[in-house]
Novice: 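Structure below; questions to follow.
One-based numbering along the sequence shown. Note: hydrogens, waters and symmetry copies are ignored here, and every other heavy atom, side chains too, is used.
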Amino acid sequence: MSTHIKRWCCHVLPRFLLLAAASTAMADESAPVQVVFDLRPPLVFREGDLLGGSIGGIAMKSLHAAGIRFSLQEVPVRRQLNMVEDNRQVVCAVGRIKTAERERRGWFSHALGQSRGYVALIRQGEPMPQPPSLSLWANDPKLGWGVQAGLHYSDQIDRLRTSARAQISTFNANHQHFADLLVAQRIDFVILQADEAAEILLRNAAAAKALRIVELTDVGTVEQRHFYCSRRLPEAQRRALDEAIIKVLEPAKPAPAARTPQRKP
């Protein structure tokens with residue numbers, strides 16, 4: 001090997017690779033973060049050009065407080081997960097639940113908040129097996145269970161879904177559409193967060209007449225919701241985002257009481 005080639009391999013090439021990595025990191029930090037979401041009122045909904053809701057609103061305030069530039073895009077859940085885990089761009093999904101498998105593929109922020117426990121949505125007057133237990137329903141081959149594609153529930157519910165004898169129907173649709181599927185008798189039940197189920201019946205008059213909420217005897221956990229981001233999100237932005245979330249979630253401190261001037265005797 002010539003002296004010129006040795007010099008290139010041992011000195012020039014490593015410096016070139018280091019500069020390329022540094023320039024990529026700088027480009028990632030200066031480019032807007034692509035923030036993806038799906039509509040799940042009251043957790044996440046549109047509010048003008050931004051997001052509102054118990055999770056969406058905190059997400060927006062935290063990004064602004066962290067000084068992170070971002071763009072918003074509504075994306076189905078399964079594609080959100082693919083975008084984060086492919087790690088081809090700087091992307092963060094709003095309100096995702098942390099699992100061990102996902103932690104190996106992406107980065108989770110501090111919790112944005114939590115959602116209430118799970119309930120079932122079924123048709124009025126439908127003779128469902130008793131007691132109202134997901135373990136019982138999931139093992140009934142005569143029942144149809146509607147599931148949103150790519151959605152993680154809780155570890156317990158996901159295990160029941162994996163081993164279910166019920167007829168699983170997977171749809172790439174929002175939860176309002178599941179109400180329509182229930183009314184049309186295409187499925188027999190769907191599992192939702194309690195807040196989301198109540199919101200569906202509040203917004204959809206036909207669903208409110210035809211459907212009802214059932215509290216299950218064997219589920220009901222509360223789940224923490226996070227930003228789920230690709231590993232391309234720079235470390236400095238991760239720290240800034242976590243610090244901003246903690247600050248936004250801090251309870252507002254009451255203003256100090258005005259001091260009454262003391263009269264001199």
Side-chain angles (χ1 to χ4, degrees), residues 20-115 148-152 172-176 193 195-196 199 223-252:
S23 64
T24 300
M26 290 175 63
D28 282 351
E29 195 155 350
S30 62
V33 175
Q34 187 173 6
V35 175
V36 294
F37 67 95
D38 56 302
L39 297 177
R40 304 186 66 182
L43 304 179
V44 179
F45 53 81
R46 289 190 180 275
E47 198 167 74
D49 294 332
L50 299 174
L51 299 179
S54 58
I55 300 300
I58 297 297
M60 297 294 95
K61 291 177 183 177
S62 300
L63 288 165
H64 285 299
I68 295 174
R69 295 168 54 234
F70 64 92
S71 61
L72 280 173
Q73 183 181 2
E74 185 179 350
V75 174
V77 175
R78 179 176 286 174
R79 189 171 160 226
Q80 288 182 36
L81 301 178
N82 290 340
M83 291 171 72
V84 169
E85 294 165 3
D86 285 348
N87 201 34
R88 295 177 183 173
Q89 54 192 321
V90 182
V91 58
C92 289
V94 175
R96 301 273 61 95
I97 295 171
K98 184 188 295 188
T99 68
E101 182 180 356
R102 289 179 186 174
E103 280 191 286
R104 290 193 291 269
R105 299 178 179 180
W107 174 79
F108 280 95
S109 71
H110 185 83
L112 295 164
Q114 63 185 26
S115 50
Q148 186 176 5
L151 186 65
H152 169 80
N172 203 5
N174 61 35
H175 288 153
Q176 290 285 344
Q193 297 284 345
D195 289 335
E196 294 172 325
E199 188 75 11
E223 297 285 357
Q224 300 288 332
R225 300 277 174 173
H226 309 255
F227 277 115
Y228 180 38
C229 303
S230 60
R231 295 197 174 275
R232 291 181 70 95
L233 184 71
E235 186 63 36
Q237 290 187 335
R238 297 183 190 187
R239 289 195 302 269
L241 188 54
D242 271 346
E243 290 170 3
I245 294 169
I246 293 169
K247 187 174 181 179
V248 167
L249 290 175
E250 280 182 353

Novice: Rounded to the nearest 0.5 Å, what separates atom OG in Ser230 from atom CD in Gln89?
Specialist: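 Ser230 atom OG to Gln89 atom CD measures 7.0 Å (nearest 0.5 Å).
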Novice: Tell me, do Asn172 and Arg79 make a side-chain contact under 4.5 Å, heavy atoms counted?
Specialist: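 Not touching, per the 4.5 Å side-chain cut-off.
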Novice: Does Arg96 pair with Asp38 as a salt bridge, N-O distance under 4.0 Å?
Specialist: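 Asp38 and Arg96: salt-bridged.
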Novice: With rounding to the nearest 0.5 angstrom, report the CD1 to CG distance, Ile245 to Leu112.
Specialist: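 So the CD1 of Ile245 and the CG of Leu112 are separated by 4.5 Å.
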Novice: Describe, in one word, how the ring planes of Phe108 and Tyr228 are oriented to each other, choosing from parallel (under 30°), tilted (30 to 60°) and perpendicular (over 60°).
Specialist: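 If you compare the ring of Phe108 with that of Tyr228, the planes turn out parallel.
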Novice: Measure across Ser71 and Pro32 and return the closest heavy-atom pair with its distance rounded to 0.1 Å.
Specialist: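 For Ser71 and Pro32, the tightest heavy-atom pair comes out as N-CB, 4.4 Å.
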Novice: Can you tell me how far CD of Glu223 sits from NZ of Lys98, rounded to the nearest 0.5 angstrom?
Specialist: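 These two atoms lie 12.0 Å from each other.
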Novice: To the nearest 0.5 Å, how far apart are CG in Leu241 and CD1 in Ile246?
Specialist: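 Separation between the atoms: 10.0 Å.
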Novice: Which one of Arg104, Arg105, Glu101, Arg231 satisfies the side chain to side chain contact (heavy atoms under 4.5 Å, CB included) criterion with Glu85?
Specialist: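 Only one option passes, and that is Arg105.
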Novice: Could you tell me if the side chain of Arg40 sits less than 4.5 Å from the side chain of Arg225, heavy atoms only?
Specialist: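 Arg225 vs Arg40: side chains touch.
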Novice: State the CD-CD distance between Gln34 and Gln73, to the nearest 0.5 angstrom.
Specialist: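 Output value for this atom pair is 5.0 Å.
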Novice: Val90 and Arg232: which non-hydrogen atoms are nearest, and at how many Å?
Specialist: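 Scanning both residues, the minimum pair turns out to be CG2-O, 3.8 Å.
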Novice: Mind checking whether Phe227 and Leu233 have side chains closer than 4.5 Å, heavy atoms only?
Specialist: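 A side-chain contact is absent here, since even the closest heavy-atom pair is not under 4.5 Å.
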Novice: Roughly how far, to the nearest 0.5 Å, is NE2 of His226 from CG of Asp242?
Specialist: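 Atom-to-atom, Asp242:CG and His226:NE2 are 10.0 Å apart.
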Novice: Please report the closest heavy-atom contact between Val75 and Met83, naming both atoms and the distance.
Specialist: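 Shortest heavy-atom contact: CG1-SD, 4.1 Å.
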